[in-house]
Structures are given as C-alpha cells and as structure tokens.
Participant: 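Structure incoming, see below.
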Amino acid sequence: MQTKARTQHNGVNLRPFAQQFVNRDATGKSAGSTIQDPTALAGPLIGLTFLASFITAMARATAPYPRPDATPAQIQRYFQGEASSARISAAGQLLSSVAVLAFTTTVLKLVEESAEDARGLETVTIAGGGLATAGLATSALCAVALIGEAGEDPEQATSLSRWAFLGGGLVHGVGFGLLVGALGWAGLRTGKLHRRLAQAALASGAAGMLTPLYLLAEPAGWIIPVGRFSGLLISGIAGVQLARRPH
C-alpha cells in the first residue's frame, strides 16, 4: 500500500511518467544502465579529485592559499607552514590531471563520431586535453617543490608560485576550455548529450579560453573560477551520460 501511494498523486499514477526519464538517453531512445564506456567516468573524477583535495586542504590549513600577487612570506607561510595541506592539494591536482587525460580519449571518440572529416576538431581536442593535463601537473609539481628546500628561498618561492599559477590557472584554463568546448560541439552534432548541456559546455569552454585576460586586466580574474568550476560540473554530467549506452 505504501509503495502504491508513493507512485500516485491525486489519483494519477506517476510511475510511467518518471520511468520515461530514467530509461531514456539524450536522443530520447530507450537506454539501459550498463556502463559501456568506463573511461567516460573520468569526467566526474576530474571534479571529484580536484574538489575533494581542495576542500580538505582548505579545511586543514590555517593560512590562506597564496594569491598570484602574494609576497614571499605569504607563499612560505602556506607551503612551508601548511605542508600537509599543500601535499593534499598537490595530490588532488595530479589525480585530476590523470582524469583529464583519460576523459580526453572519450571526448575524442565523440568528436570522431560528429563528422566524416573532423580532423580540425580532433586537433583542438588533443591540444586542449594535453594543455589541461600539463598545466595541472605543472602546478602540482611546483607545489611539491615549494614544500621542499626550494620553497625556503624567497626568490625561488616567488618564481615557483608564479609558475604554479600560470600552469594550474591560465594554461589549464585554456586547455580545459578547449576540451569542454569540443565536448559541447561534438555533443550537439551527434545528439549524444542533452542539448542544453552541450550549449552550456560551449559557454564554459569560451570562458576557459578567456582566462589569459587576467594578464591584461586583474579584474578579469573572475573568469578563471567561472570557466573551471562550470567545466568540472559539465564534464561530470557529460561523463555519466557518455558512459551509458543504449542496449
């Protein structure tokens, strides 16, 4: 009786209505729950690894993460004084960079399905995934160096912190923007992603590619988190959709 009551509202059976969304993919065709492309699940892992390490590191640290214009003392206070938090953050960046690389292969498959001759977009996808991976890995390695002896020298600490920002902020931002933009374009062309999600991916990709504007005008720095966090959300949702194939 309780089960029956939960599927009805004002005498109307809601089960068939709900089931049509549970069992249909972006194209409206019936879909099963079997994971057909496990690599696509790297999409949600990009955000989960990055955000989990970021939130954990910030919760443990008593000093704020250094801004791009931080002084040597502020940089050393975090990386030398909050070494455990810095290690957690660096580990998350490394794991996230591996997930980006894996997800790039999934986006590339989708791009190949989007047109008979998609070599241009394939190049964009590979370049984007490569830049995003390299940028994030560079930022993580700079953080590891800052924790060690190199971070004890004020001049080296400033240089490493700058490279960490350029790699993890600007290079990664542009690369991830290209990757997410390619995902959105291919998703629209193939119909493998919900239309609104694909359109959001295009907008997020554009924001990511604009991150270098920070070098020209500091107020443009807000573009960096907008592009990154929207991209993390979109790649996560898209990864789950692409992992499931109708059978």
Participant: What's the verdict on side-chain contact (heavy atoms from CB on, under 4.5 Å) for L242 and L193, showing C-alpha distance, side-chain angles and the deciding distance?
Facilitator: CA-CA 8 Å; L242 295 173; L193 295 180; 4.0 Å; yes

Participant: Which residues pass the side chain to side chain contact (heavy atoms under 4.5 Å, CB included) test with T39, not counting sequence neighbours?
Facilitator: D37, A102, T105, T106

Participant: My understanding is that only residues two or more places apart in sequence, or in another chain, count here; which of them pass side chain to side chain donor-acceptor pair (under 3.5 Å) with R67?
Facilitator: none

Participant: Under the rule for side chain to side chain contact (heavy atoms under 4.5 Å, CB included), what residues qualify as partners of L160, not counting sequence neighbours?
Facilitator: C142, A145, L146, A150

Participant: Find out whether V124 and V111 are in side-chain contact, i.e. whether some heavy atom of one side chain is under 4.5 Å from a heavy atom of the other.
Facilitator: no

Participant: Measuring from I75:CD1 to R162:CZ, what's the distance to the nearest 0.5 Å?
Facilitator: 10.5 Å

Participant: What is the distance from atom CG of L121 to atom CG of L108, rounded to the nearest 0.5 Å?
Facilitator: 9.0 Å

Participant: Do you know which two heavy atoms are closest between K192 and Q241, and how far apart they sit?
Facilitator: O-OE1, 3.8 Å

Participant: Taking H172 for its side chain and A132 for its backbone only, find out whether a donor-acceptor pair lies under 3.5 Å.
Facilitator: yes

Participant: Would you kindly confirm whether L233 and W185 end up in one hydrophobic cluster when ILVMFWY residues are joined by side chain heavy atoms under 4.5 Å apart?
Facilitator: yes

Participant: Apply side-chain contact (heavy atoms from CB on, under 4.5 Å) to I147 and Q80, showing your working.
Facilitator: CA-CA 5 Å; I147 297 168; Q80 294 286 316; 5.5 Å; no

Participant: So does G81 get a backbone contact from the side chain of Q76, meaning a donor-acceptor N/O pair under 3.5 Å?
Facilitator: no

Participant: Tell me which one of L183, V98, L41 satisfies side chain to side chain contact (heavy atoms under 4.5 Å, CB included) with F103.
Facilitator: L183

Participant: Please give me the minimum heavy-atom distance between I234 and S204, naming the atom from each residue.
Facilitator: CD1-CB, 3.6 Å

Participant: Measure the spacing between CZ of F176 and OG1 of T104 and express it to the nearest 0.5 Å.
Facilitator: 9.0 Å

Participant: Flag yes if L48 and F229 sit in one hydrophobic cluster, no otherwise; membership is Ile, Leu, Val, Met, Phe, Trp, Tyr, and two members link when side-chain heavy atoms are under 4.5 Å apart.
Facilitator: no

Participant: For the hydrophobic clusters of this structure (ILVMFWY residues joined by side-chain heavy atoms under 4.5 Å, transitively), does one cluster hold both L188 and V107?
Facilitator: yes

Participant: Only counting residues at least two apart or in another chain, list the ones meeting side chain to side chain donor-acceptor pair (under 3.5 Å) with E82.
Facilitator: T62

Participant: Side chains of Q93 and S139: donor-acceptor distance under 3.5 Å anywhere?
Facilitator: yes

Participant: Following the transitive rule for hydrophobic clusters with a side-chain heavy-atom cut-off under 4.5 Å over Ile, Leu, Val, Met, Phe, Trp and Tyr, establish whether L95 and I55 coincide in one cluster.
Facilitator: no

Participant: For the atom pair CG (L94) and OG1 (T133), what is the distance rounded to the nearest 0.5 Å?
Facilitator: 11.0 Å

Participant: Does any N or O in the side chain of S89 come within less than 3.5 Å of the main-chain N or O of A57, such that one atom is a donor and the other an acceptor?
Facilitator: no

Participant: Starting at OG of S235, measure out to CD1 of I46 and round the result to the nearest 0.5 Å.
Facilitator: 4.5 Å

Participant: Are V226 and L197 connected into the same hydrophobic cluster when the rule is that any two of I, L, V, M, F, W, Y join if their side-chain heavy atoms are below 4.5 Å apart?
Facilitator: no

Participant: Could you state the interatomic distance from CD (E218) to CG (L213), rounded to the nearest 0.5 Å?
Facilitator: 13.5 Å

Participant: With ring centroids as reference points, do F79 and Y65 lie under 6.0 angstrom apart?
Facilitator: yes

Participant: For a quick test of reading the model, state the closest non-hydrogen atom pair linking R60 to S84 and the distance between them.
Facilitator: NH2-OG, 3.2 Å

Participant: For Y214, enumerate each residue passing the ring pair (Phe, Tyr, Trp, His ring centres under 6.0 Å) test, keeping only those at least two apart in sequence or located in another chain.
Facilitator: F165

Participant: Quick one: side chain to side chain donor-acceptor pair (under 3.5 Å) partners of R119, sequence neighbours excluded?
Facilitator: D117

Participant: If you look at every heavy atom in A42 and A99, which pair is closest and at what distance?
Facilitator: CB-O, 3.5 Å

Participant: Give the minimum heavy-atom separation between V100 and G129, together with the two atoms involved.
Facilitator: CG1-O, 4.0 Å

Participant: Does the T56 side chain pair with the main chain of S53, one donor and one acceptor, at a distance under 3.5 Å?
Facilitator: no

Participant: Taking all non-hydrogen atoms of both residues, which atom of A63 and which atom of R77 are closest, and how far apart?
Facilitator: CB-NE, 3.6 Å

